[in-house]
4 protein chains.
Amino acid sequence: MSSQRKIETVERKQQLTDVALSQFALNGYHKTAVSDVVKEAGVSQGTFYWYFRSKEESALYIIEEGKKELLKVLEQGYRNEEATVEEMLLETNRLFYDFFTFAEENRNLMILLLIKGVGADTPIHKAASETFTAIEKASQRNLVRARELNLLPQNMDVSIQSTLITNMVIGTISSWLFGPNLDINYKPDVSAEKMATSAAMLGFYGITGY
Amino acid sequence: MSSQRKIETVERKQQLTDVALSQFALNGYHKTAVSDVVKEAGVSQGTFYWYFRSKEESALYIIEEGKKELLKVLEQGYRNEEATVEEMLLETNRLFYDFFTFAEENRNLMILLLIKGVGADTPIHKAASETFTAIEKASQRNLVRARELNLLPQNMDVSIQSTLITNMVIGTISSWLFGPNLDINYKPDVSAEKMATSAAMLGFYGITGY
Amino acid sequence: MSSQRKIETVERKQQLTDVALSQFALNGYHKTAVSDVVKEAGVSQGTFYWYFRSKEESALYIIEEGKKELLKVLEQGYRNEEATVEEMLLETNRLFYDFFTFAEENRNLMILLLIKGVGADTPIHKAASETFTAIEKASQRNLVRARELNLLPQNMDVSIQSTLITNMVIGTISSWLFGPNLDINYKPDVSAEKMATSAAMLGFYGITGY
Amino acid sequence: MSSQRKIETVERKQQLTDVALSQFALNGYHKTAVSDVVKEAGVSQGTFYWYFRSKEESALYIIEEGKKELLKVLEQGYRNEEATVEEMLLETNRLFYDFFTFAEENRNLMILLLIKGVGADTPIHKAASETFTAIEKASQRNLVRARELNLLPQNMDVSIQSTLITNMVIGTISSWLFGPNLDINYKPDVSAEKMATSAAMLGFYGITGY
DNA sequence: AATGAATGAGCGTTCATTCAT
DNA sequence: GATGAATGAACGCTCATTCAT
């Protein structure tokens, strides 16, 4: 019977993190009460505050951890020294595919990052935004390098281009994953692969060059 | 003399709407209390409830009105029967320009629609999403028609394309207008015209075809 | 029946003030919960916050109002231009008598000022202390004037003297009014008059000169 | 080697007592959490409860120990059989001096006894009060004896006199040691000796007989 | 002796909403 | 139309205390 009681510290924190994330994702940060989280986790209110200094800190922790994982995935891409546009397209395709796949496998995190955390308090939505700023920065670096390698036209404005492409991908993830009503229970009707390819193609050749 | 002081019903509702919108935009829906709104408007708590059944209803009203205006602006675009890709690009350019300009002139509305209302309760962010669903639908109609006119490749998936392009534009409006931290006081450093042209170009020809 | 409901704003605030004071006096500031106060007052929790910004503000309000009343009473004393030590003693006697009487008639206030508010948060016990600082200042002014009129020895240190006398009176009020255990329900066994006379005599002539 | 690290039970209890006293003195009994004390002491929450049954018990222990030490110091005074008023004054002077000096050397204890413990729960401030009741009792005994020895007028009310004098000294210690705002960091600007002499003189001869 | 995770009652405060006037 | 006092549920958070290890 005592074995049921004792839980490793790290497990308990993870458990609370998981429950909190799923509730934030389902109902939003503000509508999720700490009392809801602990009720679902089956612990007392005080326990939550043993692991997190505040509700806000728990959200920041979730976002920070998620950001790390997401960036780890994305940093695998664009590593090679491409020599042709086709190679670059292939790399981009892989990067986008990894992104869409990660999003698909981390629905709760993504909806918090993309949507539900956005209406939260400033520190939280700032943390969430930073994730995508990092992505945009990376995208921009890649474009600059590609232009230096003469893989892209010299007259393009890479800053705007990377903004456009990043927002295209991120926004599309939202509507692909959560549907028109941004519903956590929505089921995508297109595969991650198809989405990634379409996004890469559009980014490279536009609607006219399909 | 009282006629000078008398505020018409319609004016009072508009006043409350304006104040509420600016506060929602500044602090978010949840962090804005009805008491804050009426304090700034200089009326009593009860007055708010004379004009709106609830706080939620006031937000829905704001979004509904804003949606109407935005769609009115966007429906001006894509009206002509284009015959060439160049004409179509020009039209798209104008449409995007109208969109970016409207956004620039209605910052409060846009941040509510794009960001601050998103963390709000389900009915509200549903209403906000619908605005962009409408835009995406329109975009899709145009792509279909263009394909029928043989202005675009036949093998493209218009549904995905319109999703990608719409999200590109909408997401870009967010970061262009409110910066990386989604701050209502951020000042865009690129003109609406430049943004619109870049977006249209990218959408038509991709990064390779600049 | 509606007449039972409607209460003038000023009355309600006074009612809450009275209830809060009596509970602070009985149980101390920290041990008194806002919920206790409103329960006794028969109003809802929210009503308390309609009249006071916070629990602390309510205590400060009580102390501030009490301070005003106390100082009003004390400022009646020492007004005349005494010419002899005997007249000065008479005046002091009257002043002390007013002080002891006021204390007797405002037990709740006095225990808050003297004792129960002292363990409260800094702003509150600061406000309470200020009351007695004001009294000590006044006492010192009187001693200075008396010395100038040659009613008192020239070599005395008025600052220390006024500290000693003020503390004698204030401390004595505590133990006289609330007994050795500082109990709000304690009944003094000596009259205010007798206490005042004794204090004045001791202050003027010491234990040897009785 | 472990004997160098081992902390004796008695030491650990003393350490906790010291830390608790300094925190009670600094922040007050109610605002000091057990978690604060153990944090500063570098032990776990549970350890506190190994040495004390409760937080309240720890405060009572501190007060009880302090009371013992204080009374030990004060019981040195008034020991001789004085024959004249001058000798009695000298003894009183020494007693007061010992009191003021003890207070100066035990600031934390005194502020707890005099001020910060007063706002605490009834048992605690009862314990603190008892200290001063003991002092008053002793003072009264001395006055009675002095009157029996014909050193003082026969018509005086020794009960009231001892109350007045005791409160004078105790109250004065507060304001001398902690200033008008009862601040633990206040620095007295008059020596203990000067204060003691002034108090003794005032008690014996009053303001007129300086 | 000592740890530290866990408890749970309780607190101060907020705020959307109601309603008699 | 408008007021503003009143409500009461809910929330985030604290903290003295317990207890298996």
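Just the heavy atoms: all of them, side chains too, but no hydrogens, waters or symmetry mates, feed the values below. In what follows, chains carry the letters A, B, and so on, assigned in the order in which the sequence lines appear, proteins first and then strands, with residues in each chain numbered from 1.
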Separation of [X] atom [atom1] from [N] atom [atom2], in whole Å?
X: A/Gln15; N: E/dA6; atom1: CD; atom2: P; result: 9 Å
X: A/Lys55; N: F/dT14; atom1: NZ; atom2: C1'; result: 17 Å
X: A/Lys31; N: E/dT14; atom1: NZ; atom2: P; result: 20 Å
X: C/Glu56; N: E/dC11; atom1: CD; atom2: P; result: 18 Å
X: D/Asn27; N: F/dT14; atom1: CG; atom2: P; result: 15 Å
X: D/Phe52; N: E/dA2; atom1: CZ; atom2: P; result: 13 Å
X: A/Lys39; N: F/dG12; atom1: NZ; atom2: C1'; result: 14 Å
X: D/Leu16; N: E/dA1; atom1: CG; atom2: C1'; result: 12 Å

When all nucleic acid strands are considered with a 4.0 Å heavy-atom cut-off, which category describes B/Thr32: base, sugar-phosphate, or nothing? sugar-phosphate
From the set F/dA6, F/dC13, E/dT3, return the single nucleotide nearest to any side-chain atom of C/Tyr51. F/dA6
Among the candidates E/dT7, E/dT13, E/dT3, find the nucleotide nearest to the side-chain atoms of D/Ser44. E/dT3
Please check the phosphate of [N] (OP1 and OP2 only) for any side-chain N or O of [X] closer than 4.0 Å.
X: A/Arg12; N: E/dA6; answer: yes
X: C/Trp50; N: F/dA6; answer: no
X: D/Tyr49; N: E/dA1; answer: no

Considering heavy-atom distances to DNA chain F, does C/Gly42 or A/Arg53 have its closest nucleotide positioned more toward the 5' end? C/Gly42
Would you kindly compare C/Thr47 and D/Asp36 by the position of their nearest DNA chain F nucleotide and give the one closer to the 5′ end? C/Thr47
Is there a donor-acceptor contact under 3.5 Å from the side chain of D/Gln15 to the main chain of D/Ala41? yes
Could you tell me whether the side chain of A/Asp36 and the main chain of A/Ala33 form a donor-acceptor pair under 3.5 Å? yes
Which pair of non-hydrogen atoms, one from [X] and one from [Y], has the smallest distance, and what is that distance?
X: B/Lys55; Y: B/Tyr29; value: NZ-O, 3.0 Å
X: C/Glu57; Y: C/Tyr51; value: OE1-O, 4.3 Å
X: C/Ala59; Y: C/Ile124; value: CB-CD1, 3.7 Å

By nearest-heavy-atom nucleotide on DNA chain E, the more 5' of C/Val34 and D/Phe48 is D/Phe48
Between C/Ser35 and C/Gly46, which is nearer to the 5' end of DNA chain E once each is assigned its nearest nucleotide? C/Ser35
Paired with [N]: which nucleotide, if any, by Watson-Crick or G-U wobble criteria at under 3.5 Å for both distances?
N: E/dA9; answer: F/dT14
N: E/dT21; answer: F/dA2
N: E/dA1; answer: none

Under 3.5 Å donor-acceptor pair, D/Gln45 side-chain atoms to F/dT17 base atoms: yes
Can you confirm whether D/Lys31 is buried at NZ, in the sense that more than 12 heavy atoms of other residues, nucleotides or ligands lie under 6.0 Å from that atom? no
